[in-house]
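Below you'll find the structure, written out as structure tokens, and then a few comments.
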Number of protein chains: 2
Amino acid sequence: MSATKLLVLGIVHLSGGAHGYQVRSELQSWGAESWAKIKPGSIYHALKKAAADGLLTEHAEPGNSGPERVLYRATARGRDEMVELVRDGLRRTHDADMLNASIAMLPMLTRTDAIAQVNERVARLEAELVEQAKWREHPNRDAPEHVRDQAELWAGHARTELEWAKSLSKRLSEGAYTMADDPGSWRTVPGHLKMRF
Amino acid sequence: MSATKLLVLGIVHLSGGAHGYQVRSELQSWGAESWAKIKPGSIYHALKKAAADGLLTEHAEPGNSGPERVLYRATARGRDEMVELVRDGLRRTHDADMLNASIAMLPMLTRTDAIAQVNERVARLEAELVEQAKWREHPNRDAPEHVRDQAELWAGHARTELEWAKSLSKRLSEGAYTMADDPGSWRTVPGHLKMRF
DNA sequence: GGCCAAGTAGTCAAGCTTGACTAGCCTCTA
DNA sequence: TAGAGGCTAGTCAAGCTTGACTACTTGGCC
């Protein structure tokens, strides 16, 4: 699960530099503990790891008020890696956490790129549904009955996701959201103004 | 994620004693690596942990042909704990892995119990959908636009799951599947015959 | 003025998961 | 008949996640 990594990198990028607790609070205000199941401990770990990997830089800040804290800033490599993670998360099926995280970080992509990735997802879901329908005609004798039944649920989820992805693609085409290449995006608006989109 | 624990305990119970590789193969034949994302390493770990916790017993078997191996058998406490895990997984929303694992182990429950748990899930999903609809009328200004959009996807999944759970409940009421209290269940059929339901 | 609750900021050990690796046996084939 | 490849069976270190814990500050209330 690199959803944690994606979200943590994303918040640091969007806010133009942040310390651990800030990342934690921001994710909390997005309701991310519930849909991404991220606990505080993981956030601090992910920040340190990303810094060790050269995706973020660490600046120790003496606590002006309150305890000492560490400021993290994005590096160019970090941004590239994160954009790649978002693209991957949009395409990859069977990974709800990554999808959720990627949606949250959608405006990191340019509009055309985002549309391309979402369309790729649509294509994959359609292919998997075809595959699954085939499987249902020739069920595996080894798998018990209720395991086959479970496949039914998965197919339902896939159809829901398919409709949703199609409508997202459409909305993006119609100009919804402020994407990376739009005026007023996180790339063109200075630091502390970014967090309130 | 205790889905691993549930599946591992479940296979050992259903087969009436198994060694690690057997559990691994059985899960593989169910396609469990894909829907439960379980890797071999986790299986061996889960078996050892369960044995340490008194949920399984360990019997070293000298390898008659091939390497040495360890036989695991279920204990009474292990069965109780597993039944509780299945019930919990059926009720708990927001945890796809547990739900999948619980469905796979559905016949561990008695029919009336299973129906009760599934109905509880239905009730919870309905409540959450109401909650979510309320939230959509008064969206949180702090959360960016696409995060709200993501909620849309979740609602879609919830509706799919709701329909599915209702139909499962109905099928169970109509006598589908061989449950724990039915003749021919895993509780009444001797050991090595159990794996082919 | 003093004390408690809540907020800020983060550490740490323990536990689970992952991916790569070991090692013996069996079967087929050149 | 030697070797490759695959199946059986499992180990292990490294990495990620979790939950509990520390410590300091601020604000409010009696």
Would you kindly give the NZ-to-C1' distance between B:K5 and D:dT18, to the nearest whole Å? 15 Å

Identify all side-chain donor-acceptor contacts of residues 115-129 of chain B below 3.5 Å with residues at least two apart in sequence or on another chain.
from	atom 1	to	atom 2	distance (Å)
B:Q117	OE1	B:R91	NE	2.7
B:Q117	NE2	B:D113	OD1	2.9
B:N119	OD1	B:S169	OG	2.8
B:N119	ND2	B:I115	O	3.4
B:E120	OE2	B:R124	NE	2.7
B:E120	OE2	B:R124	NH2	3.4
B:R121	NE	B:E161	OE1	3.3
B:R121	NH1	B:G89	O	3.4
B:R121	NH1	B:L90	O	2.7
B:R121	NH1	B:R92	O	2.8
B:R121	NH2	B:R92	O	3.4
B:R121	NH2	B:E161	OE1	2.9
B:E128	OE1	B:H94	NE2	2.8
B:E128	OE2	B:T93	OG1	2.7

Within this structure, what is the CZ-to-P distance between B:R24 and D:dA9, rounded to whole angstrom? 10 Å

Any side-chain N or O of A:K49 under 4.0 Å from OP1/OP2 of D:dG15? no

Side chain to side chain contact (heavy atoms under 4.5 Å, CB included) involving B:Y21 - partner list, sequence neighbours excluded: B:H19, B:R24, B:S25, B:Y44

Take atom CD1 of A:I38 and atom P of D:dT18, then tell me their distance rounded to the nearest Å. 9 Å

Gap between atoms CD and P, on A:Q22 and C:dT8 respectively (whole Å): 11 Å

A:K37 NZ to D:dG19 P, straight-line distance once rounded to whole Å: 13 Å

Which residues in residues 41-48 of chain A have a heavy atom closer than 4.0 Å to any atom of DNA chain D? A:G41, A:S42, A:H45

In whole Å, I'd like the distance from the NZ atom of A:K39 to the C1' atom of D:dC21. 18 Å

Is there, by distance only and without an angle test, a donor paired with an acceptor across the side chain of A:R69 and the base of C:dG10 below 3.5 Å? no

Pair up each side-chain donor or acceptor in residues 49-60 of chain B with any protein partner under 3.5 Å, not counting sequence neighbours, and list the distances.
from	atom 1	to	atom 2	distance (Å)
B:K49	NZ	B:D53	OD2	3.0
B:T57	OG1	B:H59	NE2	3.2
B:E58	OE2	B:Y72	OH	3.2

Tell me the interatomic distance from B:E26, atom CD, to D:dA9, atom P, rounded to whole angstroms. 14 Å

For the pair made of OH in B:Y72 and C1' in D:dA9, what is the distance, rounded to whole Å? 11 Å

Using only side-chain N and O atoms of A:T4, determine if any of them is under 4.0 Å from OP1 or OP2 of D:dC16. no

Does either side chain, that of B:T75 or that of B:R79, offer a donor lying less than 3.5 Å from an acceptor on the other one? no

Could I get the full list of side chain to side chain contact (heavy atoms under 4.5 Å, CB included) partners for A:A46, not counting sequence neighbours? A:T4, A:V8

Does the side chain of B:Y21 get closer than 4.0 angstrom to OP1 or OP2 of D:dG10 through an N or O atom? no

Connecting only ILVMFWY residues whose side-chain heavy atoms lie within less than 4.5 Å of each other, what is the rest of B:W154's hydrophobic cluster? none

Check: B:D149/A:Y177 side-chain N/O donor and acceptor closer than 3.5 Å: yes

